[in-house]
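Quick note: numbers below take in every heavy atom, side chains included, and nothing from hydrogens, waters or symmetry partners. These numbers come from a predicted model, not from an experiment. Residue numbers run from 1 in the order of the sequence given.
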Amino acid sequence: MTDAPHSVNLEEELAAIWAELLDLAPDAVPTDVSFLRLGGDSVLTVRMSALVRRRLNVVLALSDVRVETTLGQLADLVRRRASDEPMTRTLPLQVARRPDPYAEFPLLPLQQGYFVGQQDGWELSYDSAHYYLDYALRGVDGDEAADALSDAIERLAVHQPTLRARVTAEGRQRVLADGAPRLKVYDLRESTPEDAAAVLAGVRHEMSTHGPDPTSGPGLDIRLTLLPEGEGRLHLGFSLLTFDGWSSGVLSRDLLAYAADWNAVLPPLEVHFGDYVTALADLPKTEAWQADRDWWFSRLDELPLPPALPLAADPKDVRPVTMGNREHRWSAGRWSALRRQCARREVTPSTAMLTAFAIVLARWSGHRRMLLNSLQLNRLPLHPDLHRVVGAFASTMLLPVELVHGATFAELAAAAQKTSGEHAAHNLITGVEVGRELARRRGTWRPVGPVVFQSVLGVDAAMGGRPPEEAGPLGRIIAGDYFHQLRTPQVALEVRCFEIGDEAVAVFSLVDELFEETAVTAAFTEFVALVDDLADGSGWDLVPQLPESADLPEGEDGLRLGRLPEAAPERYSGPPADDLERTVAEAFEELLEVPVLDRGADFFALGGDSLLAVRTVVRLAKEIGVTVPVREFLSDPTVAGVARIARSRMGGS
């Protein structure tokens, strides 16, 4: 049983936590005003839960603490948690060090999606799912910087084993005893500005188009460019298979702390990512997980389709190299004004951005009801150290949006926040798992959530403050002078919202080949204008112009996202017809652990998923000497269909 905090002092201790997070005086925190109204947001609730766990020894689930929570409600919740009163969201899982830290462990669902994407399993796939970033350094000690950074990488790989992680050909992961990333240095201190610019452009192109791949090496590619007059740039390539957005922030902070001080010692971590993933193996056995699954699955048939954005090309015919960016930065003053306006209306800045994005999508697509995909931090609070651990914890959440005709922006935002909160409260089953079932019911092999909303606004505060600006021999970090590039499989369009110091940034990352450039430019311009109107207060009470139709009207011509033609499946019946079909049937049986007696048996209807499909492809390649492309396997996943594809690869008919 958890030791209950002293009741008399509980409100004072919680007020001190809120004051620290919100930069307020403890006596200025009332008990009956929401965390949101005082300036908090959904990302800061993560930090709040971590501080409650550390200081009061009380574990709160992510769904326990909402932005609408008041201090009085939080105190009541903490008392009930501390008294071990039964709670519906309690998870009977414990994270502990694994006996063998080098043993293999599974990929989490979103990792599986990225892994299959790297096998060209999906349309809009890339050979590496990764995020590239470089930023400026000033006052670099050119003689010491490389050694300091190399040493920092070595020490960080000991502290954070995920830097030594690898992914196997069959889609599992493990940590090596060695295998830390190696620093690559470009010494351009004696170069002309023209030569330096050419090298920098080449590095950016290479790291943007060829990301780190943990199936063959480290999931982190780190490089340093030394430029004349003490300038430099730090280049970071993060594999999405091994790092999520929160982890990239943790990693950068840890790396710069080591680089700034040869003698720096970080607080040790009691558990690591592999320990967390291993503990989650029992999650589907819990009542809470099963309740979340049932909640989602009971709503699947009512979920809308993605926004029907007009397309210039069918995604299946496009082979993108990188995603294009449209970017806008709001000044410190504008960003501060927007946060104040949001707090007045008890709406998070992330929700305001989401609502503006949905309005733009509605006008662009011609309908008001749509399904979006959102990226979630989703670190279940199973251990106090998990917020300091590097790994691919992130997940997705499908989010239905219906914009009510005639409502003001403030009313639309309030509805979006309510819907988002309700769906996030059922986060134990991931959006990837829900999406698989949705695709099965709809009979589609195309992505069900190709339009994504991602916000990490407030993440610096949730991590305890901004990243360091001084890094010893590396000089001063100029975070606002950056270049970045994203490659995410199955995504046609993604909006990303984040902070750089006191400023806010929004980026449309998209597959340029899919859309008319003028339409994208118009949509992004409209999005920025909507947010600007919110910052000055004029946009909240306006009624946005929206399409009359909730769903795409019948008879709309042309290629539309989410309304694309599906390949007509072949129909097969009877027992396997030859030795090749029998070999395929046996592979299905072994991996799915069910009898396969019909050549028309569908791999996914039998309980398979995309990761098991990759494993089937690997097994068949060993047995028949021919590799069936994953994308072709997924397009006709029957015994006879897979055998037909294999036969064509052998040169037969």
Side-chain angles (χ1 to χ4, degrees), residues 110 113-135 201 203-213 219 221 235-241 243-245 248 306-307 309-329 353 357 360-361 364 372-375 392 394 396 446-456 482-498 505-525 527-528 559 561-562 564 631:
L110 187 56
Y114 291 143
F115 174 74
V116 175
Q118 289 193 177
Q119 321 304 311
D120 195 34
W122 314 115
E123 59 186 44
L124 307 180
S125 289
Y126 308 88
D127 57 8
S128 62
H130 78 281
Y131 177 63
Y132 168 71
L133 168 70
D134 69 61
Y135 50 78
V203 173
R204 284 175 170 169
H205 177 75
E206 178 189 350
M207 295 186 71
S208 294
T209 58
H210 300 284
D213 182 1
D221 184 358
H235 309 262
L236 299 163
F238 299 96
S239 169
L240 302 183
L241 263 171
F243 303 102
D244 59 14
S248 66
L309 301 178
L311 297 175
D314 191 319
K316 71 178 177 61
D317 299 325
V318 170
R319 291 292 188 272
V321 177
T322 60
M323 301 177 80
N325 286 338
R326 307 290 192 280
E327 184 165 337
H328 183 81
R329 191 183 300 194
M353 296 283 194
F357 184 50
V360 169
L361 292 172
W364 190 359
L372 302 182
N373 211 345
S374 63
L375 201 63
T396 59
R446 293 180 181 271
V448 297
V451 179
V452 177
F453 176 80
Q454 178 187 167
S455 173
V456 290
Y482 63 87
F483 175 90
H484 61 142
Q485 193 74 57
L486 178 69
R487 301 210 303 177
T488 310
Q490 298 196 81
V491 173
L493 169 64
E494 176 173 340
V495 64
R496 295 182 286 126
C497 306
F498 55 93
V505 181
V507 181
F508 275 19
S509 290
L510 65 146
V511 178
D512 281 325
E513 297 90 333
L514 291 181
F515 304 102
E516 295 292 344
E517 183 177 358
T518 55
V520 175
T521 300
F524 188 65
T525 300
F527 173 79
V528 172
L559 292 174
L561 195 65
L564 294 164
R631 187 180 297 206

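Arg487 contributes a side-chain N or O that, together with a main-chain N or O of Val321, makes up a donor-acceptor pair within less than 3.5 Å. Using modelled atom types, no side-chain atom of Trp364 and backbone atom of Pro307 make a donor-acceptor pair closer than 3.5 Å.
With contacts defined as side-chain heavy-atom distances shorter than 4.5 Å, the pair Val507/Glu327 qualifies. Annotation: side chain of Thr525 is not in contact with side chain of Arg326 (no heavy-atom distance under 4.5 Å). Residues Leu561 and Leu493 fail the side-chain proximity criterion, which asks for heavy atoms closer than 4.5 Å. Side-chain contact between Leu309 and Leu361 is present, with heavy atoms from C-beta onward closer than 4.5 Å.
Interatomic distance, Asp244 CG to Tyr131 OH, rounded to the nearest 0.5 Å: 13.5 Å.
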Kindly determine whether Tyr114 and Thr488 satisfy side-chain contact (heavy atoms from CB on, under 4.5 Å), including the steps that lead there.
CA-CA 8 Å; Tyr114 291 143; Thr488 310; 3.8 Å; yes
Give the intermediate values and the outcome of side-chain contact (heavy atoms from CB on, under 4.5 Å) for residues Leu559 and Leu564.
CA-CA 6 Å; Leu559 292 174; Leu564 294 164; 3.7 Å; yes
Start with the C-alpha gap between Val505 and Tyr482, add the side-chain angles, then the distance that decides, and say whether side-chain contact (heavy atoms from CB on, under 4.5 Å) holds.
CA-CA 12 Å; Val505 181; Tyr482 63 87; 3.6 Å; yes
Residues Gln118, Leu241; criterion side-chain contact (heavy atoms from CB on, under 4.5 Å); working and verdict:
CA-CA 10 Å; Gln118 289 193 177; Leu241 263 171; 3.6 Å; yes
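Nearest heavy atom pair, residue Ser208 against residue Thr322, reads O-CG2, 3.8 Å. Minimum interatomic distance between Gly237 and Met207 (heavy atoms only, all atoms of both residues): N-CE, 3.9 Å. Annotation for Ser125 and Gly117: closest pair CB-O, 3.2 Å, computed over non-hydrogen atoms. For Phe527 against Ala506, the heavy-atom pair with the smallest separation is CE2-CB, 3.7 Å. Across Val448 and Pro450, no two heavy atoms sit closer than the pair C-CD, 3.5 Å.
In this view, Arg319 satisfies the salt bridge (Lys or Arg N to Asp or Glu O under 4.0 Å) rule with no residue, not counting sequence neighbours. For Thr396, the side chain to side chain contact (heavy atoms under 4.5 Å, CB included) partners are Leu110, Asn373, Leu375, Val432, not counting sequence neighbours. For Pro212, the side chain to side chain contact (heavy atoms under 4.5 Å, CB included) partners at least two apart in sequence or on another chain are His130, Asp221, Ser239. Under the side chain to side chain contact (heavy atoms under 4.5 Å, CB included) criterion, His328 pairs with Trp330, Phe524, Val528, not counting sequence neighbours. Residues forming a salt bridge (Lys or Arg N to Asp or Glu O under 4.0 Å) with Asp134 (at least two apart in sequence, or on another chain): Arg204, Arg233.
Tyr132 pairs in a side chain to side chain donor-acceptor pair (under 3.5 Å) with only one of the listed residues (His235, His210, His484, Gln485), which is His235. Checking each of Lys316, Arg631, Arg446 against Glu123 for a salt bridge (Lys or Arg N to Asp or Glu O under 4.0 Å) leaves exactly one that passes, namely Arg446.
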Please tabulate, one pair per line, all N/O donor-acceptor pairs under 3.5 Å involving side-chain atoms of residues 508-520, not counting sequence neighbours.
residue: Ser509; atom: OG; partner: Asn325; partner atom: OD1; Å: 2.8
residue: Ser509; atom: OG; partner: Arg496; partner atom: NE; Å: 3.4
residue: Ser509; atom: OG; partner: Arg496; partner atom: NH2; Å: 2.9

